[in-house]
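Just below is one structure, and these are the notes that go with it.
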Amino acid sequence: MAKIGVINLGCPKNRVDAEEILGEADKAGYEIENDPSRADVLIVNTCGFIESAKEESIAAVLDAVRWKAKGACRSVIVTGCLAQRYGDDLAKELPDVDAVIGLGRSSKFGEIIKQILEGERVVEVREPGKWWTVPRCRMLSTPPWTAYLRIADGCDNRCSYCAIPNIRGNFASRAEDDILAEAEGLAKLGVKELNLVGQDITKYGFDTNNEFRLAKLIEKLARLNGIRWIRLLYCYPTRITDELIRTIAQNEKVCKYLDVPLQHCSDRILRAMGRQGTGDSYRRLFERIRGVCPEIALRTTFIVGFPGETDEDFEELLAFVQDIRFDRLGAFVYSPEDGTPAASFDKQVDRKTANNRLHKLMSLQKEISKEKHQMLVGTTLEVLVEENDGRLAVGRSYRDAPEIDGVVYIEDCLEKPGQFIQVEVIEGSEYDLFSRPIKASKRRKHNMEVLN
């Protein structure tokens, strides 16, 4: 049978799509090839969120087409958000691509691969539908101890800068029974960390039950045997309820970690973005969260250079970040996206100014992050080991989401990848922590006392 390889780009939600495609290809009897250069059929799962992501996706597609021209692979399939957004244009501009497949077609990939191997060209882009509401075959591409669990998709927020609702459609929750069944299956495979994802996981359940049901879902997931950590990604600030905060604080399996993309803090810019909440309401939110759960690690995302952002707006953002002192912060320069209201706004900020603002913001956060990490020196953390070459191990604490945050380096670690270990933090840098196992640390302390 043909060998199938996938190049996946974009966010964890895209990774889930890619894993479903791999699962369907495997079910159809095809061999899965981890090295794309050795694949007979190369599937490029694209991202279409912002300009830089689109450029990266187009570059990956062109690389795949060149491999095909050299005979390194037989067929190329383009799928994902970029295919959903520009499917017909891609099909016209890239005649050497054998298939352009939009979102929501994961279950059809066994058939699609068969069609293109028989010489047929397939272009299939339609409304994505709610394919995530039913179970799918899935082949994990993450380490076996961690997985992303999609609980919803689509978005109703309609932020003025964002094309995601146009690409993935309206918000839809997955059925609770389907989520729990998938989570139980992942636990049986050895998964210990569930990372809950969706465009807006805090809205989970509202479309089907007219109430926010994320906290109730978490409580049920926490009862599953084998699951050690449950992590929450992509929470909308105005939908973080007191019930959810209590669940995070009180349930020992829930990581004291919250990813809350804010995008800005200036009320004027937030209104232009179509975002709910205000700078003051965000301040009160984080005070409330830290009041109930002081050890929580807070992550956010900001956009700089949004149309109409003045120097005063940006200085307000810097002051906000200085006051709140986020544990993790990502930022990107605004890019005008086709089909979004903000693309036609007046007072577009020039790229040089926006890049300078990005540099200033990330420099400030770098200082804050280093200070926070140095304050952790001498404390104890539980760490999930992910690499160990016998000399220095690498892992993550509850403060570190996979792929996007820093890591914890561990000296003298005997545990294998996938195991948990208690460590003492001995040093903190801007992004990472350095540690040693508690036992080794205590042994050194005892030896020093003897020598003294």
Side-chain angles (χ1 to χ4, degrees), residues 6-24 26 32 34 43 45-47 49 53 79-81 103-104 106 128 130-155 164 168 171-176 178-204 214 217-218 220-222 224 226-236 253-255 257-261 299 301 328 330 384 386 396 398-405 407 417-418:
V6 173
I7 296 175
N8 184 63
L9 302 165
C11 66
K13 298 175 289 293
N14 244 30
R15 181 187 282 270
V16 175
D17 292 340
E19 291 175 344
E20 291 178 351
I21 290 170
L22 287 170
E24 294 293 337
D26 179 66
I32 305 303
N34 293 325
I43 301 171
N45 189 34
T46 60
C47 177
F49 177 45
T79 188
C81 289
L103 297 171
S106 300
K130 306 308 178 192
W131 77 98
W132 53 81
T133 62
V134 296
R136 292 280 178 238
C137 292
R138 186 177 171 194
M139 178 178 288
L140 292 184
S141 59
T142 52
W145 47 83
T146 187
Y148 295 101
L149 180 64
R150 175 161 45 200
I151 68 171
D153 215 326
C155 186
I164 292 300
R168 289 191 172 263
F171 179 88
S173 302
R174 285 183 68 192
E176 183 180 276
D178 290 342
I179 295 171
L180 294 174
E182 182 176 6
E184 185 175 10
L186 291 170
K188 289 178 179 178
L189 289 175
V191 169
K192 301 175 182 178
E193 176 187 34
L194 293 176
N195 300 282
L196 307 191
V197 295
Q199 304 301 329
D200 173 10
I201 67 170
T202 39
K203 196 174 182 179
Y204 176 75
L214 179 58
L217 175 66
I218 291 170
K220 293 181 180 181
L221 289 170
L224 296 176
I227 299 302
R228 184 81 165 263
W229 281 356
I230 299 172
R231 188 182 302 276
L232 311 184
L233 301 176
Y234 318 123
C235 298
Y236 200 85
K253 288 190 177 182
V254 181
C255 292
Y257 178 103
L258 205 53
D259 183 356
V260 190
R299 177 180 179 84
T301 307
R328 308 283 188 241
L384 172 58
E386 297 202 289
R396 290 182 293 108
Y398 76 88
R399 301 170 54 83
D400 312 305
E403 302 179 290
I404 59 174
D405 292 327
V407 297

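Heavy-atom basis, side chains included; hydrogens, waters and symmetry copies ignored. These numbers were taken from a predicted model, which means no experiment stands behind them.
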By side chain to side chain donor-acceptor pair (under 3.5 Å) - contacts of Lys253 (at least two apart)
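Per chain and number, Lys253 pairs via side chain to side chain donor-acceptor pair (under 3.5 Å) with no residue.
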
How would you list, by chain and number, every residue that makes a side chain to side chain donor-acceptor pair (under 3.5 Å) with Asn45, sequence neighbours excluded?
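For Asn45 the side chain to side chain donor-acceptor pair (under 3.5 Å) partners, ignoring immediate neighbours, are Asn8.
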
Looking only at non-hydrogen atoms, find the nearest pair between [X] and [Y] and report the distance.
X      : Y      : answer
Ser106 : Glu24  : O-CG, 3.1 Å
Cys81  : Leu103 : N-CD2, 4.0 Å
Tyr234 : Pro261 : CA-CD, 4.2 Å

So, taking the atom named [atom1] in [X] and the one named [atom2] in [Y], what distance separates them when rounded to the nearest 0.5 Å?
X      : Y      : atom1 : atom2 : result
Asp405 : Tyr257 : CG    : OH    : 3.5 Å
Leu224 : Leu186 : CG    : CG    : 9.5 Å
Arg299 : Arg231 : CZ    : CZ    : 11.0 Å
Ile164 : Cys11  : CD1   : SG    : 7.0 Å
Leu232 : Cys255 : CG    : SG    : 8.0 Å
Leu149 : Arg174 : CG    : CZ    : 6.5 Å

Do [X] and [Y] come within less than 4.5 Å of each other through their side chains, counting heavy atoms only?
X      : Y      : result
Lys220 : Ile179 : no
Glu386 : Val407 : no
Ile201 : Cys235 : yes

With no hydrogens and no angle check, is any side-chain donor or acceptor of Lys13 less than 3.5 Å from a backbone partner on Gln199?
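No, Lys13 side chain to Gln199 backbone: no donor-acceptor pair under 3.5 Å.
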
Please step through side chain to side chain contact (heavy atoms under 4.5 Å, CB included) for the pair Tyr398 and Leu384, ending with a clear verdict.
CA-CA 9 Å; Tyr398 76 88; Leu384 172 58; over 6 Å; no

Taking [X] first and then [Y], would you say they form a salt bridge - that is, a charged N and a carboxylate O separated by under 4.0 Å?
X      : Y      : result
Asp17  : Arg168 : yes
Asp400 : Arg328 : yes
Arg150 : Glu19  : no

Intermediate values then yes/no, side chain to side chain contact (heavy atoms under 4.5 Å, CB included), Thr142 and Arg15:
CA-CA 9 Å; Thr142 52; Arg15 181 187 282 270; 3.7 Å; yes

Does Asp200 have any salt bridge (Lys or Arg N to Asp or Glu O under 4.0 Å) partners at least two apart in sequence or in another chain, and if so, which?
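With sequence neighbours excluded, Asp200 shows a salt bridge (Lys or Arg N to Asp or Glu O under 4.0 Å) to Arg239, given in chain and number order.
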
Could you go step by step and tell me if Leu221 and Leu180 meet the side chain to side chain contact (heavy atoms under 4.5 Å, CB included) rule?
CA-CA 7 Å; Leu221 289 170; Leu180 294 174; 3.6 Å; yes

Full working for side chain to side chain contact (heavy atoms under 4.5 Å, CB included) between Tyr204 and Leu196
CA-CA 11 Å; Tyr204 176 75; Leu196 307 191; over 6 Å; no

